Amino acid sequence: MIGGGPGGLYFAYLWKKRHPEDQVDLFEQNPADATWGFGVVFSDQALEFLRADDPETVDAIAPHMESWENITLNHGSDSVAIDGVGFSSIGRLELLQFLQQRALDAGVTARFDTQIQTIDQLNGHDLIVASDGLNSLVRRAYEGDFGTSLSYSSNKFVWYGTSKHFETLSQTFVKTDRGAFNAHHYRYSPTMSTFLVECDNATWQAYGFAYKDAEQSKGVCEEVFADTLGGHCLVSNKSVWRNFPWVWNEHWSFKNMVLIGDALHSAHFSIGSGTRLAIEDAVALVKALESDAHLTTALHRYQAARKPVVQKLVNAARTSAFWYEHFAQHMQLGLMDFAYSYITRSGRIDDARLRHMSPTFMAQYEAAKNGGDADGEATA
């Protein structure tokens, strides 16, 4: 394993647990207690998928997670709750430490603070699993063979934390005299929340963020979202403005090397599926390897079974990201129309499913539409 993120750790743990006679080596360039970012979020559906294959892990993690059943949208001075959208979150470092211990207890040999410089360092291993993220060494060394494509979303985003406690996963949209901002925020522990700030490129340029250092950028974001933060500060952890990278590979393996997680594909943070996809990749790879003794055939089986599922999610993520690239235009809608546009943005939810999933919100929305007042207020 190259890379000690959630996908790499989970594959190492699963394989060693099920095949204790095998030697499983995991190489991670960072120390065991280092991570970027803050919290990670799972939908209820994602947790149930994992529970079906590994209930012990879900049952062990669940008590350490923060959970809620609604999404709250804050649009100007108005708010609306969208019910029935369950999520759970946990600190990224806490999740990594849990999976590290699970892998070590299973007998995985973990080498933290160890950077692999060339693939030749791994000669002698039967299988090389690249879970080394967006800048994967393995993928970059064989981009032509993997059929790699890379592009970027036009929006800018920066990832912070805050000690402000939020009751639900929330989206706050703020219009200023120089452009519009959006914040994705949710608690991941009793004392900390993730706070991701996003804006389009024109707003980013208007605020001169290209010429501001990290502390100055943080100050601007604290000012823009002062009401939302309620006197709390933002916390940085390698918090720099970025464009979201879209990574895709047509071929998921080459020789004895296989990609999983962000090394293989990326899904926009607006659908909260990056960690889920990495862990599901690990599960699918284990199943494929166990289904066929011939490595090449097993790796092809992994791609054949998993690729259509991932493609569907990535397509939804791209549609969702496109909505966010134009969120300033959507903000011109009234509150209920804006909320409906938001919750249906990925194309995966139609009215029938929304009535079943979010009956309270849909009753409010349809009442507003039928009353001719989709601009009507609804308070969370």
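When a residue number appears, it is its place in the shown sequence, counting from 1. Not measured: the values here are computed from a predicted model.
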- Task: Report yes or no: does N249 contribute a side-chain atom to a donor-acceptor pair with the main-chain N or O of L264 at less than 3.5 Å?
- Result: yes
- is_close_aromatic(F327, F173), centroid dist under 6.0 Å: yes
- Step by step, work out the salt bridge (charged side-chain N to carboxylate O under 4.0 Å, His left out) result for K218 and E215. CA-CA 5 Å; K218 183 168 75 74; E215 193 63 26; 3.5 Å; yes
- Message: Looking at R139 and D132, is any side-chain nitrogen of the basic one under 4.0 Å from a carboxylate oxygen of the acidic one?
- Response: no
- Heavy atoms only: give me the nearest W241-S217 pair and the separation to one decimal. NE1-OG, 3.3 Å
- Determine the minimum heavy-atom distance between L96 and G4, stating which atoms define it. CD2-O, 3.7 Å
- Item | Minimal non-hydrogen separation, S154 against N201, with atom names | O-CB, 3.9 Å
- Non-hydrogen side-chain atoms of D281 and H265 separated by less than 4.5 Å: yes
- Item | For Y188 against S89, the heavy-atom pair lying closest together | CA-OG, 3.2 Å
- Run through H268, E325, E198 and flag the one making a side chain to side chain donor-acceptor pair (under 3.5 Å) with N155. E198
- Should we count NZ of K307 as having more than 12 external heavy atoms under 6.0 Å? yes
- Message: Testing Y324, F157, F38 one by one against F269 for a ring-ring contact (aromatic ring centres under 6.0 Å, His included), which residue passes?
- Response: F157
- For the pair Q303 (side chain) and H251 (backbone), establish whether a donor and an acceptor sit closer than 3.5 Å, ignoring hydrogens and angles. no
- Task: Sorted by first residue and then second, give each side-chain hydrogen bond (donor to acceptor under 3.5 Å, both in side chains) pair with at least one member in residues 205-214; sequence neighbours left out.
- Result: T176-Y207
- Can you name the closest pair of heavy atoms from W246 and A321 and give their distance? CZ2-CB, 3.6 Å
- Query: So which of I128, L285, L295 actually passes side chain to side chain contact (heavy atoms under 4.5 Å, CB included) with V258?
  - Reply: L285
- Got V310 and W248 here, is their nearest side-chain heavy-atom distance under 4.5 Å? yes
- Query: Do F195 and H185 have ring centroids that are under 6.0 Å from one another?
  - Reply: yes
- Test side-chain contact (heavy atoms from CB on, under 4.5 Å) applied to T297 - qualifying residues, sequence neighbours left out: D292, H294
- When every non-hydrogen atom of I82 is compared with those of S358, the smallest separation belongs to CG2-OG, 3.8 Å
